Amino acid sequence: MDLPIYRQTKSSIPIVLDEMRPDESETVRTLFNQIVLEGNSYPQSNPLSVEAFANYWLKGDAFVVRCLSKEQVLDVSNLVAAFYIKPNFPGRCSHICNAGFIVAPEMRGQGLGRLMGEVMLELAKERGYRAVMYNLVFETNIASLKIWKSMGFQELGRIPEGAYLADDRYVDAVMLYKSLV
């Protein structure tokens, strides 16, 4: 798959999906920490330091979505979404990858999650992964579950009350899997 990929969002905002540049790491970390503080989709309960973020997000391949029309987005950095692909397990099981996705709140509902998911599946296959597994998709993350199930992911199981949300509720964490072969 050739990067960058140019598209438009549902509301016709021009975007580009590309590999993350080293100078974008802090912007992605800031966006990730914003999502963590929302408390509804990632297991971390506190913002990550630079080192912790690098150990979590940058252990594989990292990608971003940039808005090409800064006046249409509140964040002047123009980075509006990001994702990573990395092995889910070490050694003999490293052919199964994991991926994580974040979208800036002001850009949700614009089709960025689906675009990143479609691109991730192609990139993962190109990089030699044989499957994708998500360990913890919170059952309240309806948009994410809808995307993955529409892309052929199957539910492997649930961890009852596996996620503790920011609003003091426990909800199930869903494990999803998709073969790439």
Side-chain angles (χ1 to χ4, degrees), residues 1 3 5 7-11 15-20 28 31-45 56-65 79-90 93-167 169-181:
M1 165 171 276
L3 295 176
I5 297 170
R7 295 279 195 281
Q8 287 193 347
T9 65
K10 289 180 180 178
S11 61
I15 56 168
V16 60
L17 188 152
D18 201 0
E19 293 184 44
M20 187 180 94
V28 174
L31 177 57
F32 177 76
N33 283 336
Q34 179 182 356
I35 305 301
V36 165
L37 290 174
E38 289 176 358
N40 298 313
S41 59
Y42 274 87
Q44 290 84 355
S45 57
Y56 179 74
W57 196 272
L58 303 176
K59 285 295 184 183
D61 298 309
F63 305 88
V64 297
V65 176
L79 195 145
V80 295
F83 70 99
Y84 65 78
I85 305 171
K86 64 183 179 182
N88 200 16
F89 307 105
C93 299
S94 63
H95 59 280
I96 302 169
C97 73
N98 181 265
F101 303 82
I102 54 175
V103 177
E106 64 271 16
M107 292 297 286
R108 292 179 187 156
Q110 293 293 316
L112 297 179
R114 176 166 297 282
L115 171 64
M116 291 189 296
E118 290 169 350
V119 170
M120 179 279 300
L121 289 174
E122 287 188 49
L123 291 170
K125 191 170 186 173
E126 283 179 6
R127 283 161 168 73
Y129 292 108
R130 296 177 53 86
V132 180
M133 181 178 172
Y134 299 138
N135 305 321
L136 300 168
V137 180
F138 299 176
E139 71 178 351
T140 51
N141 193 343
I142 304 299
S144 182
L145 288 169
K146 183 179 176 183
I147 289 170
W148 304 131
K149 288 183 179 182
S150 76
M151 291 183 173
F153 280 77
Q154 58 189 127
E155 185 174 316
L156 292 179
R158 289 175 173 254
I159 302 169
E161 296 188 347
Y164 178 65
L165 302 183
D167 64 4
R169 289 185 297 145
Y170 286 92
V171 299
D172 290 358
V174 182
M175 295 175 290
L176 299 172
Y177 176 87
K178 180 175 176 66
S179 174
L180 298 176
V181 294

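Note that the structure is a prediction, hence the values are computed from the model and not measured. Each residue takes its place number in the sequence, starting with 1.
Residues P160 and D172 come closest through the heavy atom pair CA-OD1, 3.3 Å. Q34 and P105 get closest at one heavy-atom pair: NE2-CG, 3.3 Å. Smallest separation of non-hydrogen atoms from V28 and A82: CG1-CB, 3.9 Å. The minimum heavy-atom distance between L176 and E155, with the atom names listed, is CD2-CA, 3.8 Å. Annotation for A62 and L58: closest pair CB-CD2, 4.1 Å, computed over non-hydrogen atoms. Listed here is the closest heavy atom pair of S144 and V137: OG-CG1, 4.0 Å.
Without hydrogens or angle criteria, N98 side chain to M133 main chain gives a donor-acceptor distance under 3.5 Å. Looking only at distances, a side-chain donor or acceptor of Q110 sits under 3.5 Å from a matching main-chain atom of S11. Under the 3.5 Å distance criterion, the side-chain polar atoms of E161 are left unmatched by any main-chain donor or acceptor of Y170.
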Starting from the C-alpha separation in whole Å, work towards a yes-or-no answer on side chain to side chain contact (heavy atoms under 4.5 Å, CB included) for L115 and I15. CA-CA 11 Å; L115 171 64; I15 56 168; 3.7 Å; yes
Test log, rule side chain to side chain contact (heavy atoms under 4.5 Å, CB included), inputs V103 and M116: CA-CA 10 Å; V103 177; M116 291 189 296; 3.6 Å; yes
Evaluation steps, side chain to side chain contact (heavy atoms under 4.5 Å, CB included), between R127 and C97: CA-CA 10 Å; R127 283 161 168 73; C97 73; over 6 Å; no
Would you please test E19 and D61 for side chain to side chain contact (heavy atoms under 4.5 Å, CB included) and show each step? CA-CA 8 Å; E19 293 184 44; D61 298 309; over 6 Å; no
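Summarising the geometry, atom CG belonging to N135 is positioned 5.5 Å from atom CZ belonging to F89; distances are rounded to the nearest 0.5 Å. The line from OH of Y129 to CG of L180 is 10.5 Å long, rounded to the nearest 0.5 Å. In this structure, S41 OG and L165 CG are separated by 9.5 Å, a value rounded to the nearest 0.5 Å. Taking CD1 of I5 as the reference point, atom CD of E118 lies at 9.5 Å (rounded to 0.5 Å). Between atom CG of residue L17 and atom CE of residue M120 there is a gap of 11.5 Å, rounded to the nearest 0.5 Å.
A ring-ring contact (aromatic ring centres under 6.0 Å, His included) with W57 holds for exactly one of Y84, F63, F83; it is Y84.
A donor atom on one side chain and an acceptor atom on the other are not found under 3.5 Å apart for R169 and T140.
Within 6.0 Å of atom CZ in R158, more than 12 heavy atoms from other residues, nucleotides or ligands are found, so the atom counts as buried in its surroundings. Counting heavy-atom neighbours within 6.0 Å of K125 NZ, excluding the residue itself, gives a total of 12 or less.
A cation-pi arrangement, defined by a distance under 6.0 Å to the six-membered ring centre and an angle within 45 degrees of its axis, is present between K86 and Y56.
N141 has its side chain out of reach of N40: every pair of non-hydrogen atoms, C-beta onward, lies at least 4.5 Å apart. Side-chain contact between L112 and F101 is absent, with no heavy-atom pair separated by less than 4.5 Å.
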